[in-house]
Amino acid sequence: MTPGLLTPDVPLGPFEGVGVTVWSAQGKQSKLHTKSSCTYLRSARVTERQVRLDATTVSRFCPQCTADGSWARPGTALAIFLDAVTGLGLLYELGRYHEADEDTYGDEEVGQAACVLLRASAGNAEDAPAGAEDEAEEELWEEWREARHVRETVFAEWLGALTSLTRVYQVLDLFPWLRSWAEAGVQRKAGHLEVLRARAAQLVARDSLVLAAAVSAMEEPGVAGDDPAFAPLGAPAEAAAKLTSLWRRWHSKVEDSWDHPREQEHLVHDLTSAMSSRRKGYHPLLERARVLLGTWEEAARSVVIGQGAERVLVARVAGAVVAERGSREVFTDGLSEWERGVLASFTVALDWEQPAARLALTVRVPEPVAACLLSRHSVFDYEMPVQEAPASGAVTGLPPGADEGLLPGVFDDTPVNGRRLLTAQHLRALRSTMPDAEQLYAVVGVGTGVEVVALSVLEQRCAAGWQGVILAGASDLPDALFETRLQATVEDDPVGAGVWAARVHDPHDAAFGRALSAAEGERLLVRLCEGRRDVGQALKSLALARSVTDLRDLEAGGYDNRGHPRSSFTAAVWNGLLAMEQLDLEPFESASDSDWPGSGLPLGVLASVQAYTTDAAGRYQGRAHSPGCAHRRPYGGVDRHDEMVIIEELLGNKEFDPCSKCGGYAVRRLTDCQVAYYRAAHQLHDLAQRVRATVRHQSADREHLATLEGLGDLDAGSVQAWFVSRAQARQWQRTVASLSRELRDGSTG
């Protein structure tokens with residue numbers, strides 16, 4: 001299948017008449033190109049113009065540059081619509097799995113494979129091929145292997161058709177004006193899906209599925225190892241341990257398989273893997289182990305016989321989980337072999353529920369299977385239905401729309417005062433169509449004001465009734481705003497300089513404290529993203545993240561289809577937000593401290609600097625670690641398990657027990673004002689130590705005196721920026737004056 005192209009017959013709904021930018025050669029019938037770089041645009045006289053999007057315009061679009069929806073401005077409702085419909089979207093999915101193709105196995109081939117496979121499922125294990133000792137057994141083995149290949153292919157096609165139909169439902173849920181146009185195609189896909197499900201059901205024995213469910217519910221039996229047949233396994237205790245291990249392997253294989261339990265008899269050979277076949281008792285041991293497996297099977301069968309009732313369950317999966325953009329995997333990949341067999345054999349109806357926009361499968365299963373489905377972890381949530389189960393094989397038509405769908409004005413395609421309130425449906429559209437949907441968004445909400453949050457947080461808030469609008473996503477910020485900063489950062493970085501700046505210990509060096517600064521965070525971010533296309537997006541994410549009050553709120557939360565934690569930005573952004581170099585707080589320690597005497601300077605503007613750690617108060621066993629400590633986990637930034645304290649609280653906490661490798665915490669990067677005060681405080685503390693050394697040796701140092709006078713002669717701007725109160729400013733001035741007197745008195749004495 002080729003990617004779907006927008007055709008004139010596709011209803012545009014509210015996007016009818018929207019202005020789009022195109023390029024074309026001269027002539028009324030010339031093709032319209034959505035990209036000025038299109039290779040089919042060869043004319044020397046090319047004009048750029050605005051046209052209204054309608055059927056006539058679509059009929060003139062160049063098929064080369066409109067093969068996907070990328071020609072619309074990203075982040076707009078039109079871009080989401082085009083991404084969802086064209087390319088590998090709705091048009092592509094409507095052309096898949098609606099009829100048999102050359103690779104589809106027909107009813108006759110499926111029936112032949114079912115006859116081969118169900119011989120063993122009927123309990124005749126001797127019919128399964130045991131080896132290739134002669135020509136007859138070789139033919140039997142080939143027949144068996146071909147039948148299993150047919151089953152795998154049919155199941156894969158059925159699950160692919162199920163996923164494809166679900167993706168169609170998902171798009172139609174977002175754009176309800178497409179429903180009547182797509183009705184016929186959906187019905188064809190639904191009919192073919194039912195044919196594929198029925199074929200898959202033929203290749204699995206229901207009795208085997210029910211028996212596997214009963215085995216899953218069995219408790220571990222007590223196995224005696226004193227049977228003489230098990231003597232080759234060692235002492236009775238050792239034999240019992242090996243037989244218990246056999247039970248666990250057998251139990252694990254059977255409960256997640258659609259094959260008959262007797263097809264797992266080969267597991268008995270694990271008992272003799274380190275034993276010669278010529279050893280005395282070898283064959284009686286295997287025979288007795290097979291009997292033991294049969295005993296366990298009969299125990300499960302007795303449970304099945306005693307529970308003949310059936311139950312109806314509804315299996316639901318959220319729409320966002322079904323087809324998340326950018327993932328190569330689909331939700332059906334998380335189904336076990338046994339669960340796939342159950343859904344193929346016992347499904348009686350398929351539906352797309354509103355307003356939750358989620359897939360729902362209705363199954364009618366025996367009691368042991370129902371108990372197993374309700375107790376095990378799955379991508380589906382199983383529960384009792386509210387209404388009576390529909391007739392077997394029913395596939396519902398298109399559901400009515402929950403609302404008017406995704407219209408212009410939800411995202412960055414209208415002035416802010418024309419934006420529509422966000423709904424959960426809008427956010428599902430973002431996640432299912434945009435490859436970089438999980439990013440930071442500036443939003444404004446009733447009662448919360450303007451803030452920056454991740455998409456996952458927005459989803460949780462909308463589900464809880466939050467009302468607000470999106471102002472802009474990180475990708476919506478203008479590139480021109482960051483190109484200048486990016487160029488300046490690259491130019492200011494010395495040639496040959498390392499990614500990580502060397503630590504500077506001399507407070508009189510102009511580079512002292514720079515490693516803690518926000519400017520260094522930008523430089524480090526650019527270096528870490530060097531050579532990658534997402535450096536601009538990373539800088540945009542950093543700009544938005546800096547306005548977040550508590551960095552723990554940046555944790556996206558949840559996992560994608562591959563089981564990986566979601567992240568709103570590349571991991572390098574955390575290096576732009578956090579400095580792993582700890583603050584040297586000695587200048588602010590009390591002068592009476594016997595271990596590390598400080599200068600007792602006020603924390604000033606540094607008091608409110610945030611520090612993130614695993615344990616700020618020494619409440620837990622073990623030492624405190626920073627977000628980037630290798631002792632804790634691979635570096636991944638701050639999460640909800642971390643603690644956030646300000647430096648003023650951390651300085652006074654004597655219970656804080658930091659890791660010797662990471663220092664115990666990471667600080668939020670300092671502003672230029674905070675870096676300036678941090679450097680000045682260390683300079684004053686260093687001078688205090690030098691002045692006292694000068695006085696002890698009774699040697700005057702005019703340079704020290706001049707530097708002290710410079711630190712004491714602060715302008716009004718510095719006083720206001722560095723100190724939160726006049727008392728702190730006076731404390732600073734008293735410290736400078738006291739050191740100056742000591743220096744003068746020492747020089748005259």
Side-chain angles (χ1 to χ4, degrees), residues 35 37 68-76 79-80 83 87-88 324-329 411-412 430-442 452-458 470-493 497-500 518-548 551 553-562 564-580 627-628 634-639 669:
K35 299 176 182 177
S37 59
D68 54 56
S70 61
W71 53 271
R73 187 164 60 85
T76 62
I80 293 176
D83 283 337
L88 300 181
E324 186 168 322
R325 185 65 177 261
S327 173
R328 296 181 180 178
E329 300 179 4
F411 306 113
D412 185 27
L430 268 179
R431 187 175 295 286
S432 61
T433 59
M434 290 184 63
D436 57 348
E438 189 61 67
Q439 58 177 287
L440 296 180
Y441 293 87
V452 174
V453 295
L455 176 61
S456 300
V457 176
L458 272 180
I470 288 181
L471 299 178
S475 58
D476 298 325
L477 300 180
D479 293 333
L481 187 63
F482 300 92
E483 289 174 353
T484 303
R485 298 186 67 87
L486 177 59
Q487 183 178 359
T489 301
V490 173
E491 291 176 352
D492 293 343
D493 203 13
V499 175
W500 304 93
E520 173 62 18
E522 285 189 14
R523 186 202 69 83
L524 185 57
L525 173 62
V526 171
R527 288 299 302 272
L528 290 174
C529 294
E530 193 172 13
R532 291 162 47 179
R533 292 185 297 175
D534 61 350
V535 59
Q537 179 69 14
L539 284 172
K540 295 177 181 180
S541 298
L542 177 61
L544 286 183
R546 281 174 171 169
S547 64
V548 177
L551 295 183
D553 295 336
L554 293 177
E555 183 190 24
Y559 297 85
D560 61 19
N561 289 348
R562 291 159 288 185
H564 300 158
R566 287 195 177 108
S567 178
S568 303
F569 41 71
T570 180
V573 174
W574 285 112
N575 295 103
L577 292 169
L578 295 172
M580 293 304 150
Y635 182 71
V638 176
D639 63 28
R669 290 195 173 273

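Note that these values count all heavy atoms, side chains included, but never hydrogens, waters or copies made by symmetry.
Qualifying side chain to side chain donor-acceptor pair (under 3.5 Å) partners for T570, counting only residues two or more places apart in sequence or in other chains: R532. With sequence neighbours excluded, the residues satisfying side chain to side chain donor-acceptor pair (under 3.5 Å) with Q439 are S475. For E522, the salt bridge (charged side-chain N to carboxylate O under 4.0 Å, His left out) partners at least two apart in sequence or on another chain are R485, R546. Annotation: ring-ring contact (aromatic ring centres under 6.0 Å, His included) contacts of Y441 (sequence neighbours excluded): none.
For the pair G473 and L544, the tightest heavy-atom approach, listed with the atom from each and the gap, is C-CD1, 4.2 Å. Annotation for A437 and L455: closest pair O-CD2, 3.5 Å, computed over non-hydrogen atoms. Between V638 and P627, the shortest heavy-atom contact is CG2-CG, 3.9 Å.
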Pairs under 3.5 angstrom only: tabulate donor-acceptor contacts from the side chains of residues 535-543 to other protein residues two or more places apart or in another chain.
residue, atom, partner, partner atom, Å
K540, NZ, L477, O, 3.0
K540, NZ, D479, OD1, 2.5
S541, OG, Q537, O, 3.1

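With contacts defined as side-chain heavy-atom distances shorter than 4.5 Å, the pair V499/L524 qualifies. Taking the side chain as every heavy atom from C-beta outward, L578 and L551 approach each other to under 4.5 Å. Put simply, the side chain of L458 reaches to within 4.5 Å of the side chain of I470, judged on heavy atoms.
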L577 and L554: CA distance, side-chain angles, deciding distance, side chain to side chain contact (heavy atoms under 4.5 Å, CB included) verdict:
CA-CA 11 Å; L577 292 169; L554 293 177; 3.8 Å; yes
Evaluate L440 against V548 for side chain to side chain contact (heavy atoms under 4.5 Å, CB included), listing each step before the verdict.
CA-CA 10 Å; L440 296 180; V548 177; 5.7 Å; no
